[in-house]
Every structure is written in structure tokens, then in C-alpha cells.
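Just so we're clear, the structure is a prediction, and the values are computed from it rather than from any experiment.
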Amino acid sequence: QGQLAESGGGVVQPGGSLRLSCTASGFTKLYLDIAWFRQAPGKEREGVSCINMKDGTTYYTDSMRGRATISKHDTQNTVYLHMNSPKPEDTAVYYCAAGMSCRGLNRSGSYYQAEWGYWGQGAQVTVSS
């Protein structure tokens with residue numbers, strides 16, 4: 001079946017720039033929406049952003065709106081998450097997942113697990129000086 005792989009994680013300074021990539025492979029049709037999630041140490045996993053792979057419509061959770069930008073490159077089957085000024089509290093393992101609809105991600109950051117059937121292994125992002 002299809003697989004997702006994150007890349008671009010690592011250590012970044014506060015106020016720096018961060019771009020994560022999520023590449024999909026093994027899907028006969030890329031009609032699944034892709035979302036970014038993250039899980040900080042000791043906290044529950046939360047949603048970050050989502051993009052409609054058909055028309056490019058984007059969605060952001062309340063806490064991430066204005067702080068991150070999600071985009072896609074159709075030819076490479078890749079979705080990106082860019083953060084202009086990451087903060088130490090943004091330190092977390094970032095995951096990308098594929099699901100039927102971005103409606104499976106709430107504005108609060110909570111999400112419907114049943115809507116997201118494909119997950120990447122995660123990429124560690126550490127925001128520190």
C-alpha cells in the first residue's frame with residue numbers, strides 16, 4: 001500500500017526557518033488529503049495543517065494559523081510545511097498523514113483517527129539556540 005516519508009527535520013534556532021517535506025509513494029491515485037501533525041514530549045499528538053490534494057485548499061489549526069504554511073508539489077507527490085519563526089515550544093516529532101478529507105482535522109488541533117489511515121514515521125524537530 002501507499003507510504004509516506006517525512007524529511008527536513010533537525011535542529012533549528014528560534015526565529016529561524018524550517019521546512020519539512022512529506023513524500024507519498026505507492027499510491028495509484030493521489031486523491032487523499034495530506035495533513036501535518038506533531039507530538040511534543042509529554043503531550044498528545046495534535047494537528048497542524050492540512051491540504052486538499054485535488055484543489056490545493058489549505059487548512060490550519062488555530063494555534064498554527066499565521067505561523068505555518070502548507071503547500072504541495074504535485075509532480076513530486078510532495079507536501080511541505082514551512083515555519084518562518086519556530087519557537088522552542090514547537091519542538092516535537094512531526095508527522096504527515098493521508099486521509100480522505102481535511103475535515104478530519106479540527107481547528108482545535110484534535111482529529112478523527114479513523115480519517116487518517118496512512119502515517120509517516122515522523123521527523124524530529126528541535127528548536128533550540
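- Ser128 and Thr126 share no side-chain donor-acceptor pair at under 3.5 Å.
- A donor-acceptor pair under 3.5 Å is absent between the side-chain atoms of Asn106 and the main chain of Ser108, judged by distance alone.
- Glu115 places no side-chain N or O within donor-acceptor distance of the main-chain N or O of Arg103, the cut-off being under 3.5 Å.
- Within the 4.5 Å cutoff, side-chain heavy atoms of Leu32 are placed close to those of Met100.
- For the atom pair Cys102 SG and Tyr111 OH, the distance stands at 15.0 Å (nearest 0.5 Å).
- Screening Leu20, Leu81, Val93, Thr91 against Val125 for a side chain to side chain contact (heavy atoms under 4.5 Å, CB included) leaves a single residue, Leu20.
- Crowding of Gln113 atom CD: a count of heavy atoms from other residues, nucleotides or ligands under 6.0 Å not exceeding 12.
- Residues Asp55 and Thr57 bring a donor and an acceptor atom of their side chains to less than 3.5 Å of each other.
- For the residue pair Pro86 and Met83, the shortest heavy atom distance occurs at CD-O, 3.8 Å.
- Side-chain atoms of Tyr59 come within 3.5 Å of backbone atoms of Arg107 as a donor-acceptor pair (strictly under, hydrogens ignored).
- Side chain of Gln121 to backbone of Ala5: no donor-acceptor contact under 3.5 angstrom is found.
- Neither Leu105 nor Leu4 shares a network with the other; the hydrophobic side chains, linked directly or stepwise wherever heavy atoms of I, L, V, M, F, W or Y lie under 4.5 Å apart, form separate groups for each.
- At distances below 3.5 Å, not a single donor-acceptor pair connects side-chain atoms of His82 with backbone N or O atoms of Ile70.
- Here the shortest heavy-atom pairing between Cys50 and Asp33 reads SG-CB, 4.2 Å.
- Side-chain atoms of Trp116 come within 3.5 Å of backbone N or O of Gly104 as a donor-acceptor pair.
- For residues 37-53, the pairs satisfying salt bridge (charged side-chain N to carboxylate O under 4.0 Å, His left out) are Arg38-Glu46, Arg38-Asp90, with sequence neighbours left out.
- Panel note: side chain Thr61, backbone Val48; a donor-acceptor pair is recorded below 3.5 Å.
- Between Tyr118 and Phe27, the ring planes are perpendicular. Angles over 60° get that label, and only those under 30° would be called parallel.
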Q: Please lay out, stage by stage, how Cys96 and Glu6 fare under the test side-chain contact (heavy atoms from CB on, under 4.5 Å).
A: CA-CA 7 Å; Cys96 63; Glu6 303 93 343; 3.7 Å; yes
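- Within 6.0 Å of CD on Gln3 lie no more than 12 heavy atoms contributed by other residues, nucleotides or ligands.
- Classified by interplanar angle (parallel below 30°, tilted 30° to 60°, perpendicular above 60°), the ring pair Trp119/Tyr95 is perpendicular.
- The OG1 atom of Thr58 lies 11.0 Å from the NZ atom of Lys72; values are rounded to the nearest 0.5 Å.
- Around the CD atom of Glu89, the shell of radius 6.0 Å holds more than 12 heavy atoms that belong to other residues, nucleotides or ligands.
- Residues Phe37 and Met53 fall into different hydrophobic clusters, defined by Ile, Leu, Val, Met, Phe, Trp and Tyr side chains chained together at heavy-atom separations under 4.5 Å.
- Distance check, rounded to the nearest 0.5 Å: OG1 of Thr23 to CD of Gln76 gives 7.5 Å.
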